[in-house]
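Since the structure comes first, as structure tokens, the remarks are kept for the end.
Because only heavy atoms are used, hydrogens play no part in the values below, and waters and symmetry mates are left out as well, while side chains stay in. These figures come from a predicted structure and were not determined experimentally.
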Amino acid sequence: LKYKDKDITYNHKNNYNGICAFLKTGKNIIPFCFAPLKENSFNYKTVFEEGYAEHEVKSKNITLKQSSTIIQGKSCELNEFSVKNNSVFDLNGELLVYLEPILQETENYQMHPIFSKLFIEADYSKDDNTLYIIRRNRQNGQPEMMLCIYFDRNIKYDFELSRFNLIETN
């Protein structure tokens, strides 16, 4: 995910790109698209159009969809997630969304990734149910970069800025 000349999220080569979403049901974690975890028991379909992509993951028991739309005239990507239970049994799950914000050029991040992460801060606003991720600038006069994650429904969510802490808790 890029904005002007800056990378918003880190692109892991041969692993995953930008933002990844998963459905966690019990001990199972199902990706909303083919990457980064391909499961042979699911059918995958992706449709690309200008400014839009839709991923579908389907099995006999469940259908997951993620659509991503670039909003014209805005610096915004809208992601929508849906889950359809195709079985007669109840399905309880939780949505896991992973992204690694860097808010800078990938080359600068790759030179010193741990140092770079020291400048990333997050603030959650209960008033508008939005997570603000901000990159503090090291040089005066440069504008700060910000990534906002907003859920349009009254959904409570937790967030973790450390990939290692996320792995430990899940």
* For T130 and D128, indicate whether the former's side chain and the latter's backbone hold a donor-acceptor pair under 3.5 Å. =>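 Yes, the answer is positive, given that a donor and an acceptor are paired below the 3.5 Å cut-off.
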* Asked: Okay, side chain of R136, backbone of L118: is any donor-acceptor separation there less than 3.5 Å?
  ->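 Between the backbone of L118 and the side chain of R136 there is a qualifying donor-acceptor contact (under 3.5 Å).
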* If you look at every heavy atom in L131 and A122, which pair is closest and at what distance? ->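 Distance-wise, the nearest heavy atoms are CD1-CB, 4.0 Å.
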* Taking atom types as modelled and ignoring hydrogens, do the side chains of N92 and T25 form a donor-acceptor contact shorter than 3.5 angstrom? ->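 N92 vs T25: no donor-acceptor pair found between side chains.
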* Asked: Do N108 and Q110 have a side chain donor and acceptor closer than 3.5 Å?
  ->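 No, Q110 and N108 have no side-chain donor paired with an acceptor closer than 3.5 Å.
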Rounded distance [0.5 Å steps], [atom1] in [X] versus [atom2] in [Y]:
{"X": "S59", "Y": "N61", "atom1": "OG", "atom2": "CG", "result": "5.0 Å"}
{"X": "H55", "Y": "Q66", "atom1": "NE2", "atom2": "CD", "result": "5.5 Å"}
{"X": "K45", "Y": "E56", "atom1": "NZ", "atom2": "CD", "result": "5.0 Å"}
{"X": "E121", "Y": "M146", "atom1": "CD", "atom2": "CE", "result": "10.5 Å"}
{"X": "K58", "Y": "T63", "atom1": "NZ", "atom2": "OG1", "result": "5.0 Å"}

* Evaluate the side chain to side chain contact (heavy atoms under 4.5 Å, CB included) criterion for residues E54 and S68: first the C-alpha distance (whole Å), next the side-chain angles of each, then the deciding distance (0.1 Å), finally the verdict. => CA-CA 6 Å; E54 182 177 274; S68 302; over 6 Å; no
* To do: Given side chain to side chain contact (heavy atoms under 4.5 Å, CB included), test I120 with I134 step by step and report yes or no.
  => CA-CA 6 Å; I120 299 292; I134 302 163; over 6 Å; no
* Criterion side chain to side chain contact (heavy atoms under 4.5 Å, CB included) on V57 and N43, from CA distance to verdict -> CA-CA 6 Å; V57 177; N43 294 315; over 6 Å; no
* To do: Could you give me the CA-CA distance, side-chain angles and deciding distance for N85 and S87, then say whether side-chain hydrogen bond (donor to acceptor under 3.5 Å, both in side chains) is met?
  => CA-CA 6 Å; N85 184 356; S87 76; 2.9 Å; yes
* Name all residues meeting the ring-ring contact (aromatic ring centres under 6.0 Å, His included) criterion together with Y124; count only those two or more places apart in sequence or in a different chain, and write none if there are none. =>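 ring-ring contact (aromatic ring centres under 6.0 Å, His included) list for Y124, sorted by chain: Y157.
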* Asked: What residues, two or more places apart in sequence or in another chain, satisfy ring-ring contact (aromatic ring centres under 6.0 Å, His included) together with Y132?
  ->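 Checked Y132 against ring-ring contact (aromatic ring centres under 6.0 Å, His included); zero matches.
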* Asked: Would a hydrophobic clustering, with Ile, Leu, Val, Met, Phe, Trp and Tyr connected at side-chain separations under 4.5 Å, put F81 with Y52?
  ->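 No, no single cluster joins them.
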* Taking the six-membered ring for Trp, is the centroid-to-centroid distance between F32 and F22 below 6.0 Å? ->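 Ring centroids of F32 and F22 are no less than 6.0 Å from each other.
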* Asked: Are any non-hydrogen side-chain atoms of L95 and L23 less than 4.5 angstrom apart?
  ->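 No, too far: nothing below the 4.5 Å cut-off.
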* To do: Would you mind reporting whether I30 and L64 have side-chain heavy atoms less than 4.5 Å apart?
  =>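 Result yes, sub-4.5 Å side-chain heavy-atom pair found.
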* Take K84 and I62 through the test side chain to side chain contact (heavy atoms under 4.5 Å, CB included) and record every step on the way to the result. => CA-CA 6 Å; K84 181 181 177 188; I62 194 165; over 6 Å; no
* Give me the other members of the hydrophobic cluster that L78 sits in, counting Ile, Leu, Val, Met, Phe, Trp and Tyr linked by side-chain heavy atoms under 4.5 Å, directly or via other members. =>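 Answer for L78: I71.
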